[in-house]
There are 2 protein chains.
Amino acid sequence: MGEDREQLILNVAEEMIRQGGYNSFSFRNIASAIGIKSSSVHYHYSTKEDLAVAVTKYYTDQFIGALGSPEDIVSSGKNPISQYVQAFRQALVKDKGMCLCGMLGAETDILPESVVAETRVFFQRNVEWLETAYRTSGEKDGAKEKAIQTVSLLEGAMITSNVMGDLSFFDAAVKLLDKS
Amino acid sequence: MGEDREQLILNVAEEMIRQGGYNSFSFRNIASAIGIKSSSVHYHYSTKEDLAVAVTKYYTDQFIGALGSPEDIVSSGKNPISQYVQAFRQALVKDKGMCLCGMLGAETDILPESVVAETRVFFQRNVEWLETAYRTSGEKDGAKEKAIQTVSLLEGAMITSNVMGDLSFFDAAVKLLDKS
DNA sequence: GTCTATAATTTGATAGAC
DNA sequence: GTCTATCAAATTATAGAC
């Protein structure tokens, strides 16, 4: 797949932020992972803040885009919440990393405002998606509350599973959703 | 106990880690917050790794200690899970910070092994406490699974509430526990 | 677009005086 | 226990050549 240079930078930065947050990636680290110099990374993204905003936007678009629409999932006979849980599980298994916006969300206090704002967009769009999913599945009341519960549980499940190095923690945690 | 200075260093370091994680505190920042020099901080904790381990141990002991025993809570007629939720809520409201071990748990991949090990202790002890709480409250089966669900949900609820800057996200999220 | 070179600052850590 | 002084390395960022 023909990734251009900016995409490659975004992908490497994403991986680093998902492993250790905003303060764990540097222009030099990204550059050497790609095989270029740090000044070349600055050519594409002039400041660290700019790069982090771009990564967050890219991550959010990819994540929401990969989900598809809740309505389509329901009308194809599948459970949109199960699909949503699988998206988080895949992120943990395949990329072996945290949710980028879960990580940044925890670090809110030390982030540039523009990055915080973009991280909030992730959560807003996720809550919207889940709200629609619950409504389309027949939940009349409390769809937004259910949405907040679901995304919160999944972010937390990633943390416990990540630190314990045991995916069964993730699976145990998300079973809580079966009861609602 | 090496109360005064060392305690102060631990408290300042705790606050900084809870705001931005392992890479967001430095010997100089801690020193200037206290009014001493960075070399004096090194006198008490020779390396950053040592300091982080000490902070994590201290945080875990304080957190578990403040909870009291689940048995005592139950026999005094109160709900231990409600008390547990309140402990997390207080951490968010009063200190305006994340759970230290939730933060470090997310950053596992970039932490020294000794810090990861100590962070795991936090989660192990929390799961144990909750397991006992659920068993003492009359739950026969699945107490450990419930424990994992509860601590995961609370860690995630702190993230969403923190990033959105709205405590109602925390309150909405934890209502999921009422259904189990 | 990428490079070399460099500036200004911060970092974790140490040596030795008091 | 705290200080001054210092170090080597890393950080974000810029200027200018090719």
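Just so it is clear, the structure is predicted and the values come from calculations on it, not from any experiment.
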Below 30° counts as parallel, above 60° as perpendicular, anything between as tilted: where do the rings of Phe27(A) and His42(A) land?
parallel

Heavy atoms under 4.0 Å, any strand shown: does Ser26(B) hit a base, just sugar-phosphate, or nothing?
sugar-phosphate

Base, sugar-phosphate or nothing for Asn29(B)? Non-hydrogen atoms, less than 4.0 Å.
sugar-phosphate

Interatomic distance, Leu51(A) CG vs dA13(D) C1' [rounded to whole Å]:
14 Å

Base, sugar-phosphate or nothing for Phe25(A)? Non-hydrogen atoms, less than 4.0 Å.
sugar-phosphate

Anything under 4.0 Å to a heavy atom of chain A counts; send over the first and last such nucleotide of DNA chain C, read 5' to 3'.
dG1(C) to dT6(C)

What residue among Phe122(A), Trp129(A), Phe123(A) forms ring pair (Phe, Tyr, Trp, His ring centres under 6.0 Å) with Phe63(A)?
Phe122(A)

Is the shortest side-chain heavy-atom distance between Leu92(B) and Ser161(B) below 4.5 Å?
yes

Under 3.5 Å, is there a donor-acceptor pair linking the side chains of Thr119(A) and Thr56(A)?
no

So does Asp61(A) pair up with Arg125(A), basic N to acidic O under 4.0 Å?
yes

Taken to the nearest whole Å, CG/Asn23(B) to C1'/dT12(D) is 15 Å

Round to a whole Å and report the spacing from CD1 of Ile9(A) to P of dT12(D).
14 Å

On DNA chain C, nearest-nucleotide positions of Arg28(A) versus Gly35(A): which is more 5'?
Gly35(A)

When the side chains of residues 103-116 of chain A are checked against the rest of the protein, which donor-acceptor pairs come out under 3.5 Å, sequence neighbours left out?
unit_1    : atom_1 : unit_2    : atom_2 : d
Glu107(A) : OE1    : Tyr22(A)  : N      : 3.0
Thr108(A) : OG1    : Gly105(A) : O      : 2.7
Ser114(A) : OG     : Glu49(A)  : OE2    : 2.6

Nearest-angstrom distance from the residue atom OH of Tyr43(A) to C1' of dA13(D):
17 Å

